[in-house]
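Reading through the structure tokens given below for one structure.
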Amino acid sequence: MSSSDQAVGVAERLHPLYLVTGLGRGLRQMAGGYAAIGYFAATGSWGTALLLLAGIAVVLTIGVFLYWKRFEYRVGANEIRIDSGILSRTHRSIPFDRIQDVDISQGPVARLLGLARVAFETGASAGDKSDDGALAAISLARAAEIRELVRARRGAAVASADLTETEAAPIFAMDPPRVFLAGLFNFSLAVIAALFGATQTVGDVAGLDFFTRRFWRQALEAGSPIADFVLANQIAAGIAGTVLLLITGLVTGVARTVLRDFRFRLDRTPAGLRRRRGLLTLTDVTLPIKRTHAAIIGSGPLRNRFGWSDLKLQSLGKDEGKKGDHLVAPLARESEIAAILAQLNWRPVDPSSDWQRTSPAFAWGFTGALFLLLIPAGIQLAINPLIGLAAVAFLTVLVAFRWLSWRRTRFALDGDRLLIRSGWWRRRLILLPLANIQSVDLTENIFSRRFGLASLAIGVASGRGFSAHGIAAIPAPTARALRTSLLARFA
């Protein structure tokens, strides 16, 4: 190889089996085409449906082949260059000194074929996950070589066995029972809300309204005491529908958690904290310790009751799905979280910290705003008592949650860091080193000034570009004094 080839690098293509994985991904993205095919098939136009299906298959096959043919990458002496595009060409150069780490992931098909997806995480792109800034399908061995080469040229001494199981015990790991338990705690309220909305809009037409006796009459076989009670009582049908939604949320939460966190393992490597997880899609991500700007310990009423929490690290790099927070412990004890923080040279939270509570206006201001909504709820109560009672109950729950959240919202200056505690249902404890704070914004409006209050937004750099951690409803003199103290660190 000549010196010029070493400087620029030899052109390489994606693995030929990308033609298989790329075609599969293209098929998953053709939702509109499938809808059109289904429409023609349902109306009896089978010839048109088959012709459309064949046309989509041909266009996708040609498109994937041309993309593979025109995609090249070069691993040079000082940078990685990626050339892509069929009609419009993109030439991207990624210098080694800008690459923070190399993330490797494998989907189920890629694992069977021995392929891997490689994403180069940089400070500028914060972990670009697009095909233009990543290698969609190369051999797993080549992926390991590139990652080791990048780290070596950045001065990180990484063993060649870094992609395999390490001999040392992990910092944190989760066995299948704990992953299942984490799924139970992570039941999906979003799924419950979406299903409830669907039952109230199209559920009656489709016969899938879980809160009506008609649905249970079709689903249950009369004869048992429970079935007869549900079929004879509208309120019982509503209770049964609520239970069904809760079970669906639990099952969804367990499924998502198992798929994401199966065989979760966190190790300490010379490059940082290395996390591996996944059942169908295996991901292998390293979080450089020096890029960690904040830690977020999360919990909830149930998890806290049993002594469980989760830990996320806020970093300049983005995690999977372009998120800015890296989940490094989905379900952990206090001692396990302390062990992970010790790897960052961060001490655990001292229970005797001088916590300061925010103003009760955080709660009663919200309550006053919701009070205005009681007027239409009262009107609805007179027209339709069942819906009206549900609206009043919902508003009452919101007010109760707000007051419970205020009781837990506090902040404290703990030496060289700021601690912020908030939330009741979704509890968060933020550990924010003062050296990582990039901005402190104080906000007042006509209402807060009337009551002598202000809010602070403390900004730090993250994979999402910029994140602000807020403290609301602080007495104005306290807010100004805290802002002055935090800004003094910049001097």
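Residues take their numbers from the sequence shown, with the count starting at 1.
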Is the shortest heavy-atom distance from the side chain of Ile420 to the side chain of Leu429 under 4.5 Å? no
Could you walk me through whether Asp267 and Arg274 pass salt bridge (charged side-chain N to carboxylate O under 4.0 Å, His left out), step by step? CA-CA 5 Å; Asp267 292 282; Arg274 180 185 177 205; 5.4 Å; no
Side chain to side chain contact (heavy atoms under 4.5 Å, CB included) evaluation trace for His15 with Arg142: CA-CA 10 Å; His15 197 282; Arg142 182 56 175 156; over 6 Å; no
Is any side-chain heavy atom of Phe96 closer than 4.5 Å to one of Val75? yes
Using a strict 4.0 Å threshold on nitrogen-to-oxygen distance, state whether Arg74 and Glu79 make a salt bridge. no
Tell me, do Lys312 and Ile430 make a side-chain contact under 4.5 Å, heavy atoms counted? no
If only atom types and distance count, is the side chain of Thr281 paired as donor or acceptor with the main-chain N or O of Pro108 below 3.5 Å? no
How about Phe172 and Pro330: do any of their side-chain heavy atoms sit closer than 4.5 Å? yes
Measuring only between side-chain heavy atoms, which start at C-beta, is Thr283 closer than 4.5 Å to Arg276? no
Verify, without hydrogens or angle tests, whether Arg13 (side chain) and Lys69 (backbone) share a donor-acceptor contact under 3.5 angstrom. yes
Using side-chain contact (heavy atoms from CB on, under 4.5 Å) as the criterion, point out the one residue from Thr286, Leu344, Val285 that pairs with Leu273. Leu344
Would you give the length of the straight line joining atom CG of Asp175 to atom CZ of Arg263, rounded to the nearest 0.5 angstrom? 12.5 Å
So, do Ile99 and Val102 sit near enough that their side-chain heavy atoms are less than 4.5 Å apart? yes
Between the side chains of His91 and Glu72, is a donor N or O closer than 3.5 angstrom to an acceptor N or O? no
Side chain to side chain contact (heavy atoms under 4.5 Å, CB included) partners for Arg70, two or more places apart: Arg89
Could you grab the distance from atom CG of Leu313 to atom CD of Gln343, nearest 0.5 Å is fine? 11.0 Å
I'd like to know if the side chain of Asn436 and the backbone of His293 have a donor-acceptor N/O pair within less than 3.5 Å. yes
Given Arg303 and Asp310, is the salt bridge (charged side-chain N to carboxylate O under 4.0 Å, His left out) satisfied, shown in steps? CA-CA 9 Å; Arg303 283 189 295 171; Asp310 62 62; 2.7 Å; yes
Ignoring hydrogens and geometry, is there a side-chain-to-backbone donor-acceptor pair from Asn304 to Gly300 under 3.5 Å? no
Mind listing the closest non-hydrogen atom pair of Ala294 and His469 along with its distance? CB-NE2, 4.5 Å
May I ask you to test the Leu250-Val254 pair for a side-chain heavy-atom distance under 4.5 Å? no
Leu279 CG to Phe262 CZ distance, which is reported to the nearest 0.5 Å: 5.5 Å
For the residue pair Ala134 and Arg117, what are the closest heavy atoms and their distance? CB-NH2, 4.0 Å
Separation of Arg98 CZ from Ile80 CD1 (nearest 0.5 Å): 14.0 Å
Could you pull out the closest heavy-atom pair between Ala472 and Ser455, with the gap in Å? CA-OG, 3.6 Å
Nearest heavy-atom contact between Ile86 and Gly63 is CD1-O, 3.9 Å
Any side-chain heavy atom of His326 sitting closer than 4.5 Å to one from Thr292? no
Classify the ring geometry of Phe401 against Trp425: parallel below 30°, tilted from 30° to 60°, perpendicular beyond 60°. parallel
Separation between CZ (Arg265) and CG (Asp284), nearest 0.5 Å, reads 11.0 Å
Could you walk me through whether Thr257 and Val179 pass the side chain to side chain contact (heavy atoms under 4.5 Å, CB included) test, one step at a time? CA-CA 7 Å; Thr257 304; Val179 172; 4.2 Å; yes
Any donor-acceptor pair under 3.5 Å from Ser45 side chain to Thr48 backbone: no
Closest non-hydrogen atom pair, Ala329 against Ile340: CB-CD1, 3.8 Å
List the steps and the verdict of side chain to side chain contact (heavy atoms under 4.5 Å, CB included) for Val118 and Asp103. CA-CA 6 Å; Val118 178; Asp103 297 340; over 6 Å; no
Run the numbers on Phe185 and Leu302 for side chain to side chain contact (heavy atoms under 4.5 Å, CB included), then give the verdict. CA-CA 8 Å; Phe185 285 124; Leu302 293 178; 4.1 Å; yes
Backbone N or O of Trp424 within a donor-acceptor pair of the Arg427 side chain at under 3.5 Å? yes
Are any side-chain N or O atoms of Arg178 and backbone N or O atoms of Leu331, one a donor and one an acceptor, separated by less than 3.5 Å? yes
Leu14 and side-chain contact (heavy atoms from CB on, under 4.5 Å): which partner among Leu19, Thr21, Leu115, Ile138? Ile138
Working to the nearest 0.5 angstrom, can you tell me the gap between Leu327 CG and Leu311 CG? 8.0 Å
